[in-house]
Amino acid sequence: MRIKRREFLAGVAAAPVAMGGVSARAGDAVTLEAAPARVQIAPAEYGQTQVWAYNGRVPGTPLRYRQGDELSAQLVNGLEQGTTVHWHGLRLPNAMDGVPGMTQPLVVPGDGFDYRFTLRDAGTYWYHPHANSLEQISRGLAGVLVVDENTPPEVDDDQTLVLDDWRMTDAAAIHPGFDNRHDMSHAGRLGNYITVNGLPELTRELHPGARLRLRLVNTATARVFRLRFDGLKAWLLALDGMPLEDVAETPEVVIAPAQRVDLLVDVTAATGEEALIASVERDGAYAMAIYRVAGQGAVPRDVPAPLPPNDMPVLALDGARSVPVVIEGGAMRGLPEGATWQGTKMDMRQLAEAGQFWAFNGISGVPEAPLIEAALGETVRVPMANRTAFAHAMHLHGTHFREVLPGGGMGPWRDTLLVNLGESREIAFAAENPGDWMFHCHMPAHQMSGMMNWIRVV
Ligand code: C2O
Ligand code: CU
């Protein structure tokens, strides 16, 4: 693999930003102020970009706690529109889930909301608004939440890499046009400028043989990243925060919007060489993280052990109810005759006029009745058929699910599953957490144009 440097990087010295640092700890109530800010995400010659950010940072203030700690965060809304904070991937009380109109009122400008809950699970999570999501996330509102295990694996460094994709104008402003019907009905709002921790590329130094824990977080609204390694040996440790039972070496990582991948990585490049993480794109592979290898070598290590598991529910597939979900709509395929929106049957043209392009089981948008009503303790199977011409990142709030594999085996615990075009994939979840929980595509251009339904656990 020949890895290129991005052209626009010529002459730009990207200053690394410490993301691993502990900025919030148990005991302190952290304030997250969502407000406009100016940050340097474009190369220096472009100047700063006006974004919306948590505490003026892109990504927002990194939050770090230990498993079992209580998180206490006060959202302050400094935007000119309503917002909330959703804690993505966390199993928390429903009232803390941050979905306006469903779990809490919209937080109006100048107002605040206190989030407080116990962190049951260790792992890599993130937070983002759940109101006007396409615009708010695309303008920069997203931050990482790391919950450390009580006995984390021994590593030389623990780094978080936040992958993002921005649609920028020639003047390095965030492109408006959040009502772009083409984005809604096609692959979502794909960007033209990729960043790692808010920078065009990340540069660090490492010793040969160093062992790293890398936490990858995709906060992009549409882009699926495919990453390759050079001079690094990588093992998969966890997906969407949840540890894998077996640690497997992996040559590449595919990470869809909202997903997280925890890796353990050993530097195999020698002193004087570079180790790289590259993004494989249509026209080649581009370096995203560059590790200059220098100094003395570390001792060779054993194959890493799995992370301690979180306390997950039992999935009782035998006799479990099955609720099939057919995903339809979008360009090239369109919606079925008689799809409904807000309880009213509409034809495709009427739906498009209302900004609705997608449906689950013929229902566009958030209906009055849940897609699934499950009894506490029940296991529910959801076979999903993607009959659209696009991939979707299907996300369930409040609990993780596992994929029921075609051979009958079970996939890893996840909170977001990439379902490619034409695919049929089945998931199963245990109704372990009472409340009303969103079930939607995590490409907000799709989410806001029909792919947003909900389940109720009673
Ligand atoms: Cu991260 Cu409803 O989403
Ligand atoms: Cu989608």
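One-based numbering, in listed order, for ligands and for the atoms of each.
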Review point. Can you tell me if His442 has an N, O or S atom under 2.8 Å away from the Cu ion (ligand 2)?
Key: no
Check your understanding: Angle at the Cu ion (ligand 2) between ND1 of His446 and SG of Cys441, to 10°?
Key -> 130°
Check your understanding: Stepwise, does the salt bridge (Lys or Arg N to Asp or Glu O under 4.0 Å) test hold for Arg116 with Glu70?
Key -> CA-CA 7 Å; Arg116 182 191 283 265; Glu70 179 167 88; 2.8 Å; yes
Point to revise | Closest non-hydrogen atom pair between Ile174 and Met168, with its separation | key: CG1-SD, 4.3 Å
Point to revise | Between Thr83 and Gln136: side-chain donor-acceptor atoms closer than 3.5 Å | key: yes
**Study point:** Closest non-hydrogen atom pair between Ala258 and His88, with its separation
**Key:** CB-CE1, 3.5 Å
Exercise for review: If the plane angle is over 60° it's perpendicular, under 30° parallel, otherwise tilted; pick one for His400 and Tyr125.
Suggested key: perpendicular
Practice item. Give me the ring orientation class for His446 and Trp358: parallel if the planes are under 30° apart, tilted from 30 to 60°, perpendicular past 60°. Key: tilted
Exercise for review: Tell me whether His440 has at least one N, O or S atom under 2.8 Å from atom 2 (Cu) of ligand 1.
Suggested key: yes
Revision key, fill the gap. Of all the N, O or S atoms in His392, the one nearest to the Cu ion (ligand 2) is ND1
Exercise for review: Confirm or rule out an N/O/S atom of His86, from backbone or side chain, lying less than 2.8 Å from atom 2 (Cu) of ligand 1.
Suggested key: no
Check your understanding: Do any of the N, O or S atoms of His128 sit under 2.8 Å from atom 1 (Cu) of ligand 1?
Key -> yes
Check your understanding: Mind checking whether atom 1 (Cu) of ligand 1 has an N, O or S of His442 under 2.8 Å?
Key -> yes
Exercise for review: Tell me, please, if His88 has any N/O/S atom, main chain or side chain, under 2.8 Å from atom 2 (Cu) of ligand 1?
Suggested key: no
